[in-house]
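Quick notes on the structure that follows.
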Amino acid sequence: MKVLVLGAGNMGLTYAEGMANSPFLNKRKLMIFDVSPQKTEALSTMAQFDAYDSIEECVPQADVIFIAVKPYHSQSLFDSIKPYINQDQLFVSLMAGVTINTIQAGLGVKKVIRTMPNLPAKVGKGVTSFTESKEVSRVELLTVRSLLDTTGESIHVETEQFIDASTGISGSGPAYVFYFMQSMLEAALKMGFSPNDSKVLVSQTFEGAVKLFNESNLTPEKWMDRVASKGGTTRAALDSMEDNNVKELIKEAAYAAFDRATELGKEK
């Protein structure tokens, strides 16, 4: 099986490296294409890649083609690769807001898998939701799932609506966490901690809390009850968040991302 990634930007390279460094490709080099000659030259020095700057050279060879360009570049990419594709190839989109129908129409193909990746894939802790057109076989779906799992975990969803919903939770979600971390960092600095100590306090708190959550069956609410005692410091903080409606504002933010993902799909 030959795998090709079109686009060596942030997300494309992340998934390319995950797949190329896994045993799944059975020591076969992963093909990667980018329009930037400088980037292609740099990629060509990496042992796990066959780097290309020519669409006509790499696209006809591939069995599975990952599309990892910016959504606004999708149509120009479709136009450039369409003469070189065939109906046996499987197309996997890492593009936000570009629907399966849009990809099928743009390329004139049937076998398409749409995904919602997220940034922690860069450190092997990603979560990728995915769904497929009806022409994709079960074997092909399992193959792509194995490829996606090289960057963390994947979840199969039944419809594209859940891809858009995943955008609001996992796709955009790391930014919400960073937003919360930034707020805590600023609070720590204001309290007089050094920048380094502030970073340690905040990062270890997040990492430890996530580990506790993952290694137990307790809900976040139950964990909050364990940390917060009546009349104590944690309860004061949680009461402040409740008084300021923080929980509802976070939910609204997630839905704002979901709604925007849906809008983007309709614009294509």
Side-chain angles (χ1 to χ4, degrees), residues 1-9 11-35 39-40 43-44 46-69 71 73-95 98-117 121 126 128-157 160 163:
M1 181 182 64
K2 292 186 177 181
V3 178
L4 167 66
V5 175
L6 298 175
M11 203 58 73
L13 188 56
T14 291
Y15 278 75
E17 288 176 335
M19 292 185 287
N21 292 328
S22 76
F24 191 76
L25 295 183
N26 196 27
K27 298 183 180 179
R28 183 187 295 274
K29 287 188 177 182
L30 182 139
M31 298 187 293
I32 189 165
F33 164 86
D34 198 86
V35 293
K39 191 169 287 186
T40 304
L43 290 168
S44 66
M46 303 172 72
Q48 68 267 46
F49 295 137
D50 277 331
Y52 293 85
D53 57 9
S54 169
I55 285 288
E56 56 267 31
E57 286 184 25
C58 58
V59 168
Q61 296 185 54
D63 301 303
V64 180
I65 299 176
F66 281 75
I67 302 175
V69 300
H73 289 150
S74 59
Q75 191 55 57
S76 61
L77 177 74
F78 295 161
D79 293 341
S80 66
I81 70 173
K82 193 171 182 179
Y84 307 105
I85 63 178
N86 64 73
Q87 294 298 317
D88 291 327
Q89 290 170 316
L90 176 61
F91 294 85
V92 183
S93 170
L94 296 173
M95 299 181 292
V98 183
T99 66
I100 287 175
N101 283 341
T102 297
I103 298 168
Q104 289 175 320
L107 291 176
V109 297
K110 295 296 183 183
K111 296 195 294 184
V112 176
I113 292 176
R114 182 183 168 193
T115 75
M116 172 42 59
T128 309
S129 57
F130 65 102
T131 194
E132 77 285 358
S133 63
K134 65 180 186 300
E135 291 82 6
V136 176
S137 71
R138 179 170 175 76
V139 170
E140 289 171 327
L141 197 64
L142 290 173
T143 297
V144 169
R145 180 166 208 161
S146 296
L147 290 170
L148 296 175
D149 283 346
T150 63
T151 59
E153 296 187 31
S154 62
I155 61 169
H156 179 256
V157 296
E160 288 187 83
I163 296 293

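Values below: every heavy atom of this structure, side chains too, minus hydrogens, waters and symmetry copies.
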So does Glu135 have more than 12 non-hydrogen atoms from other groups sitting under 6.0 Å from CD? yes

Heavy-atom check, side chain of Gln48 versus side chain of Asn21, under 4.5 Å: yes

Side-chain donor or acceptor of Thr131 paired with backbone N/O of Val157 under 3.5 Å: yes

Looking at every non-hydrogen atom in both residues, tell me the closest pair between Arg145 and Ile155 and how far apart they are. NH2-CA, 3.8 Å

Are the side chain of Gln104 and the backbone of Val112 linked by a donor-acceptor contact shorter than 3.5 Å? no

Using side-chain heavy atoms (C-beta onward) and a distance below 4.5 Å, is Glu17 in contact with Met46? yes

Closest contact, heavy atoms only, Leu25 versus Ala20: CD1-CA, 4.2 Å

Closer than 3.5 angstrom, by distance alone: can the side chain of Thr40 be matched with the main-chain N or O of Asp34 as a donor-acceptor pair? yes

Donor-acceptor pair, Thr115 side chain versus Ser93 backbone, under 3.5 Å? yes

What's the spacing between Ile103 CD1 and Lys110 NZ if we round to 0.5 Å? 13.5 Å

When every non-hydrogen atom of Phe33 is compared with those of Leu4, the smallest separation belongs to N-CD1, 4.2 Å

Evaluate the side chain to side chain contact (heavy atoms under 4.5 Å, CB included) criterion for residues Val136 and Phe91: first the C-alpha distance (whole Å), next the side-chain angles of each, then the deciding distance (0.1 Å), finally the verdict. CA-CA 10 Å; Val136 176; Phe91 294 85; over 6 Å; no

Look only at the side chain of Gln87 and the backbone of Gly108, and say whether a donor-acceptor pair between them is shorter than 3.5 Å. yes

Give, for atom OG1 of Thr99 and atom CD1 of Ile163, the distance between the pair rounded to the nearest 0.5 Å. 11.5 Å

Salt bridge (charged side-chain N to carboxylate O under 4.0 Å, His left out) contacts touching residues 84-94 (sequence neighbours left out): none

Decide side chain to side chain contact (heavy atoms under 4.5 Å, CB included) for Val92 and Phe130; before the verdict, give the C-alpha distance in whole Å, the side-chain angles of both, and the deciding distance to 0.1 Å. CA-CA 9 Å; Val92 183; Phe130 65 102; over 6 Å; no

Any side-chain heavy atom of Leu94 sitting closer than 4.5 Å to one from Tyr15? yes

How long is the span from the CZ atom in Phe49 to the CG atom in Leu13, to the nearest 0.5 Å? 5.5 Å

Distance-minimising heavy-atom pair for Gly9 and Lys39: CA-NZ, 4.1 Å

Please check if the side chain of Asn86 supplies one atom and the backbone of Pro60 the other of a donor-acceptor pair under 3.5 Å. no

Where do Ser146 and Phe24 come nearest, in terms of heavy atoms and distance? CB-CE1, 3.3 Å

Straight-line distance of Asp50 CG to Cys58 SG, nearest 0.5 Å: 10.0 Å

4.5 Å side-chain heavy-atom contact, Leu107 and Ile65: no

Rounded distance [0.5 Å steps], NE2 in His156 versus CD1 in Ile113: 8.0 Å

Shortest non-hydrogen contact between Ile100 and Glu132, atoms and distance: CD1-C, 3.9 Å

Calculate, to the nearest 0.5 Å, the distance between atoms CG and OG1 belonging to Leu147 and Thr128 respectively. 11.0 Å

Applying salt bridge (charged side-chain N to carboxylate O under 4.0 Å, His left out), name anything that partners Lys111, two or more places apart in sequence or on another chain. Glu140

Please test Met19 against Val5 for side chain to side chain contact (heavy atoms under 4.5 Å, CB included), starting from the C-alpha separation and ending with a verdict. CA-CA 10 Å; Met19 292 185 287; Val5 175; 3.7 Å; yes

